[in-house]
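Notes to accompany the following structure.
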Number of protein chains: 2
Amino acid sequence: MYSIGQAAELTGFSIDTIRYYEKIGLTKPPERSAGGMRSYSEDDVKLLSSLHCLKRTGLGLEEMKAFLQEGRCFANAAFPLSGEDREAIESRTRILGEHLTRMEAQYRALADLIGQTKEKLDFYQDLLNREGAAK
Amino acid sequence: MYSIGQAAELTGFSIDTIRYYEKIGLTKPPERSAGGMRSYSEDDVKLLSSLHCLKRTGLGLEEMKAFLQEGRCFANAAFPLSGEDREAIESRTRILGEHLTRMEAQYRALADLIGQTKEKLDFYQDLLNREGAAK
DNA sequence: TGTTGACCTGGAGTCAACTCCAGACTCTAC
DNA sequence: GTAGAGTCTGGAGTTGACTCCAGGTCAACA
């Protein structure tokens, strides 16, 4: 188990940010020590790390919340699925699909930008090299 | 030439945002009509569109500004380069290199997330299909 | 057992990036 | 030539996402 300070260290978030996410309901409250200190499990830390990763792709907190909701486990769902479950799964499939589309668009945009940036870099490098060679 | 409303339509930014970017010096002021209305060229619109693209990769406005600065053309630089030019090019190479590194990290993170999301989607799809088959 | 450093809470403050507003001007179409 | 839509300016307001603070508590070690 990890203290909030250790969790912060491991995940890349600040202590304040971790508490903030808990306050707004993005993450579930962790266990507490007898004295009331937050205590994070390995899984909690993993979840926070993947949130950090998500955040870096430009996702807003509300979107992240939605994304996390998708995680509810249907692995042991009873068959046949109840109408309710079916609807939940269909709704999640839709939300996830939309999110995927957005991420893929972002992925392509990023690939383009990386390409352009590399070209620029090559151009500058070339300029400097030519200089060196001309000496 | 396009009015600010048309430019907004074409680029995906709001009118206010376009004016805001001009105000903070991210974009250069466009031409004006005799009456004082902003008038955007094809190139202006293209630039704004690529800003919109940059923004979606999570770049902040200050970073975007720096990124745009990189564009100053050295294509016709005199040889040998002056010490000043050389320094400018070296500095830009460094900034661009750092930006590239960040973008590549983001690219990898995004690829991971896309993979994970696809897995989840497959899982749900499977659940729904199994249901259909069991009928 | 006392001190020191990490942690607690609720709430206020900050910062980037817009977004909205009022009141005046411009442009286009009838 | 006038009605209505679009645009102008400077400045105030909003939103999301933290970040900081005061005043107190907890935990580990000398």
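Proteins come first, then strands; the chains are lettered A, B, ... in the order of their sequence lines, and each starts at number 1.
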Determine: side-chain N/O of B:S14 to OP1/OP2 of C:dC18, distance under 4.0 Å, yes or no.
no
For a quick check of understanding: with a heavy-atom distance under 4.0 Å over all strands, which category does B:Y21 fall into, base, sugar-phosphate or nothing?
sugar-phosphate
Among the candidates D:dC18, C:dC18, D:dT7, find the nucleotide nearest to the side-chain atoms of B:I15.
D:dT7
Integer-rounded Å distance: D:dT25 C1' and A:R32 CZ
12 Å
A:K55 and A:Y21: which non-hydrogen atoms are nearest, and at how many Å?
CD-OH, 3.4 Å
Tell me what B:I24 touches on the nucleic acid: a base, only sugar-phosphate, or nothing, going by heavy atoms under 4.0 Å.
nothing
Length of the OH-P vector between B:Y2 and C:dC27, whole Å:
19 Å
What distance separates A:E31 CD from A:S39 OG, expressed to the nearest 0.5 Å?
6.0 Å
Classify A:R38 by what it touches in the nucleic acid, base, sugar-phosphate, or nothing, heavy-atom distance under 4.0 Å.
sugar-phosphate
Please state how far atom CZ in B:R19 lies from atom P in C:dC21, giving the value in whole angstrom units.
14 Å
Ignoring backbone atoms, test whether A:K23 places a side-chain nitrogen or oxygen under 4.0 Å from the OP1 or OP2 oxygen of D:dG16.
no
Nucleotide D:dG16, atom P - distance to NZ of A:K55 in whole Å:
16 Å
Return yes when atom CD of A:E9 has more than 12 non-hydrogen atoms of other residues, nucleotides or ligands closer than 6.0 Å, and no otherwise.
no
Between A:R86 and A:E90, does at least one N-O distance fall below 4.0 Å, as a salt bridge requires?
yes
On DNA chain D, nearest-nucleotide positions of A:T17 versus A:M37: which is more 5'?
A:T17
Identify which nucleotide among D:dC8, D:dA27, C:dC7 has an atom closest to any side-chain atom of B:I4, counting heavy atoms from C-beta outward.
D:dC8
Take atom CG of A:D16 and atom C1' of D:dC18, then tell me their distance rounded to the nearest Å.
8 Å
A:I18 atom CD1 is separated from C:dA6 atom C1', nearest whole Å, by 14 Å
